[in-house]
Amino acid sequence: MEIVEVMESGDYEQLVVVVDKDAGLKAFIAIHDTTLGPALGGCRIWPHPTEEAALTDALRLSRAMTYKNAAAGLNLGGGKALIWADPRTDKHEGMMRAFGQFLEGLGGRYITTEDVGSSPEDLVAISQATSHVVGLPRNLGGSGDPSNATGFGIYRGMKVATRQVLGTDSLKDVSIAIQGFGKVAGYLADHLLKEGARLTVTDINPDALARARALGCTIVEDPDTIYDVPSDIFAPCALGGSINPDTIDRLQCKIVAGSANNQLLTPENGEVLWEKGVLYVPDYVLNAGGVINLSYEIGRPYQEDAAMERVAGIADSVEKVMSISKDENISTANAANRLAEMRIKSVRRAKGIYLAP
């Protein structure tokens with residue numbers, strides 16, 4: 001892997017390689033862009049099979065955070081940390097404190113939070129060595145678990161999408177196939193069921209299926225068959241890459257809208273959905289509720305009411321994306337990128353930062 005070439009081609013600003021043998025810590029901190037402000041993104045802990053896979057994940061996710069934060073109107077850039085370890089067997093308090101010490105050395109260029117494999121307890125350990133961490137428990141002055149805010153934002157965006165496609169923003173009797181039923185999907189389901197939506201759910205975790213069944217959802221035992229379920233909305237709420245050449249033709253929905261990051265395996269998949277007449281609500285626009293909520297911890301005492309009011313504005317962001325898509329006759333995936341890039345470029349010009357022609 002030619003790291004400098006990858007950094008240049010993706011317009012990345014900084015890559016930090018972190019090693020602490022005594023703590024068993026091996027990590028990457030990728031900072032993609034800080035034009036709008038310090039980079040904010042989660043700390044993922046995952047046992048990738050190779051160093052290259054771990055580094056690629058960190059870089060890809062940091063770039064996605066730049067676009068998410070920009071499209072959400074936040075004064076934050078994009079970054080991501082990837083601790084190369086198994087969160088079930090390898091992580092411990094000393095590892096997280098060691099990571100916090102390296103994070104402190106960046107002087108606030110990168111602010112971390114919870115992600116796959118990390119927990120509120122890990123954030124508390126990190127906070128013993130640095131103040132550049134958000135998502136701390138409420139009793140420590142933080143905003144706590146962002147899943148509720150993420151689920152609420154997705155709900156708000158879904159209503160905009162149904163108005164565009166179905167002619168009404170009511171979700172009563174709207175059929176929604178949910179792939180993955182973790183914390184975010186659970187909060188989302190609460191909002192959907194209150195409006196009378198009909199939910200079909202799958203997950204690889206039997207406990208998650210039990211929770212969905214208790215709510216009255218229809219259960220699909222074989223996760224792979226969720227793509228074949230007829231629905232108004234297909235909601236990817238598990239891992240990324242679920243929208244790909246092997247699954248697109250199986251989808252029987254009018255809208256794709258869910259919480260998973262990087263739902264499209266490649267950018268071309270967004271074009272295919274558009275050509276097929278399926279409205280794709282870009283994931284980083286729709287699932288920004290969590291990061292919006294977290295942003296209300298930075299530089300001020302956290303206020304939940306103000307944060308959730310801002311999360312509700314995700315509906316406006318979805319409207320903007322659909323408007324750009326219609327006006328410029330481009331896919332919603334491209335329209336979301338255009339929205340984020342226009343904001344970054346406008347700030348760069350205002351700051352007098354050189355932009356190549």
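Here the structure is a predicted model, which is why all the values come from computation and not from measurement. Values reported hereafter were calculated over all heavy atoms of this structure, with side chains retained and with hydrogens, waters and symmetry mates removed. In what follows, residues are counted from 1 in the order of the sequence shown.
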Please confirm whether the backbone N or O of [Y] pairs with a side-chain atom of [X], one donor and one acceptor, at under 3.5 Å?
{"X": "W84", "Y": "H48", "value": "yes"}
{"X": "Q164", "Y": "M322", "value": "no"}
{"X": "S175", "Y": "R198", "value": "no"}
{"X": "S331", "Y": "E271", "value": "no"}
{"X": "N293", "Y": "A307", "value": "no"}
{"X": "S325", "Y": "A335", "value": "no"}
{"X": "E114", "Y": "G135", "value": "no"}
{"X": "Y284", "Y": "A336", "value": "yes"}
{"X": "D115", "Y": "R44", "value": "no"}
{"X": "R156", "Y": "A312", "value": "yes"}

I want to check something: taking the side chain as every heavy atom from C-beta on, are [X] and [Y] in contact at a cut-off of under 4.5 Å?
{"X": "V281", "Y": "M158", "value": "no"}
{"X": "Y296", "Y": "E304", "value": "no"}
{"X": "L61", "Y": "N262", "value": "yes"}
{"X": "D122", "Y": "F99", "value": "no"}
{"X": "P282", "Y": "V321", "value": "yes"}

Closest heavy-atom pair and its distance - A58, A30
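Nearest heavy atoms, A58 then A30: O-CB, 3.8 Å.
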
If you compare all heavy atoms of S242 against all heavy atoms of P236, which two are closest, and at what distance to 0.1 Å?
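Minimum heavy-atom contact is OG-CB, 3.5 Å.
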
Please answer: with hydrophobic residues joined when any side-chain heavy atoms are less than 4.5 Å apart, are [X] and [Y] in the same cluster?
{"X": "Y280", "Y": "I314", "value": "no"}
{"X": "V184", "Y": "L193", "value": "yes"}
{"X": "M65", "Y": "I29", "value": "no"}
{"X": "L339", "Y": "I154", "value": "yes"}
{"X": "V201", "Y": "V174", "value": "yes"}

With respect to [X], which candidate in [options] satisfies the side chain to side chain contact (heavy atoms under 4.5 Å, CB included) definition?
{"X": "L251", "options": "V278, V256, V229", "answer": "V256"}
{"X": "K91", "options": "I83, D86, I45", "answer": "I45"}
{"X": "K68", "options": "L74, I292, N261, V285", "answer": "N261"}

Take atom [atom1] of [X] as the centre, draw a 6.0 Å sphere, and report whether it contains more than 12 heavy atoms from other residues, nucleotides or ligands.
{"X": "E51", "atom1": "CD", "value": "no"}
{"X": "L239", "atom1": "CG", "value": "no"}
{"X": "R300", "atom1": "CZ", "value": "yes"}
{"X": "E341", "atom1": "CD", "value": "yes"}
{"X": "Q252", "atom1": "CD", "value": "yes"}
{"X": "D305", "atom1": "CG", "value": "no"}

Can a donor-acceptor pair be found between the side chains of D169 and T162 at a distance below 3.5 Å?
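There is no such pair between these side chains.
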
Between T266 and E268: side-chain donor-acceptor atoms closer than 3.5 Å:
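Yes, E268 and T266 have a side-chain donor paired with an acceptor closer than 3.5 Å.
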
By side-chain hydrogen bond (donor to acceptor under 3.5 Å, both in side chains), which residues pair with K26, not counting sequence neighbours?
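Listed in chain order: nothing, the list is empty.
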
Suppose we screen for side-chain hydrogen bond (donor to acceptor under 3.5 Å, both in side chains). Which residues come up paired with R163, at least two apart in sequence or across chains?
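In terms of side-chain hydrogen bond (donor to acceptor under 3.5 Å, both in side chains), with neighbours along the sequence ignored, R163 is linked to E319.
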
Nearest 0.5 angstrom please: [X] [atom1] to [Y] [atom2], how far?
{"X": "L106", "Y": "I111", "atom1": "CG", "atom2": "CD1", "value": "11.0 Å"}
{"X": "L279", "Y": "D232", "atom1": "CG", "atom2": "CG", "value": "12.5 Å"}
{"X": "L188", "Y": "S147", "atom1": "CG", "atom2": "OG", "value": "11.5 Å"}
{"X": "D57", "Y": "S62", "atom1": "CG", "atom2": "OG", "value": "10.0 Å"}
{"X": "L264", "Y": "N244", "atom1": "CG", "atom2": "CG", "value": "9.5 Å"}
{"X": "Q179", "Y": "F234", "atom1": "CD", "atom2": "CZ", "value": "4.0 Å"}

Can H132 and Y110 be said to form a side chain to side chain contact (heavy atoms under 4.5 Å, CB included), step by step?
CA-CA 7 Å; H132 305 303; Y110 168 65; over 6 Å; no

Less than 4.0 Å between a side-chain N and a carboxylate O, is that true for [Y] and [X]?
{"X": "R213", "Y": "E221", "result": "yes"}
{"X": "R348", "Y": "D33", "result": "yes"}
{"X": "D249", "Y": "K276", "result": "yes"}

Decide salt bridge (charged side-chain N to carboxylate O under 4.0 Å, His left out) for R97 and E93; before the verdict, give the C-alpha distance in whole Å, the side-chain angles of both, and the deciding distance to 0.1 Å.
CA-CA 6 Å; R97 285 194 180 215; E93 181 184 356; 3.0 Å; yes

Ring-ring centroid check Y155 Y187, cutoff 6.0 Å:
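No, the ring centres sit 6.0 Å or more apart.
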
Check the pair L76 / S295 against side chain to side chain contact (heavy atoms under 4.5 Å, CB included), numbers first and verdict last.
CA-CA 8 Å; L76 294 166; S295 74; 3.9 Å; yes

Listed once per pair and sorted, the ring-ring contact (aromatic ring centres under 6.0 Å, His included) pairs that draw on residues 10-34, sequence neighbours left out:
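Non-adjacent pairs meeting ring-ring contact (aromatic ring centres under 6.0 Å, His included): Y12-H32.
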
Could you walk me through whether E121 and S119 pass the side-chain hydrogen bond (donor to acceptor under 3.5 Å, both in side chains) check?
CA-CA 5 Å; E121 293 75 21; S119 67; 3.2 Å; yes

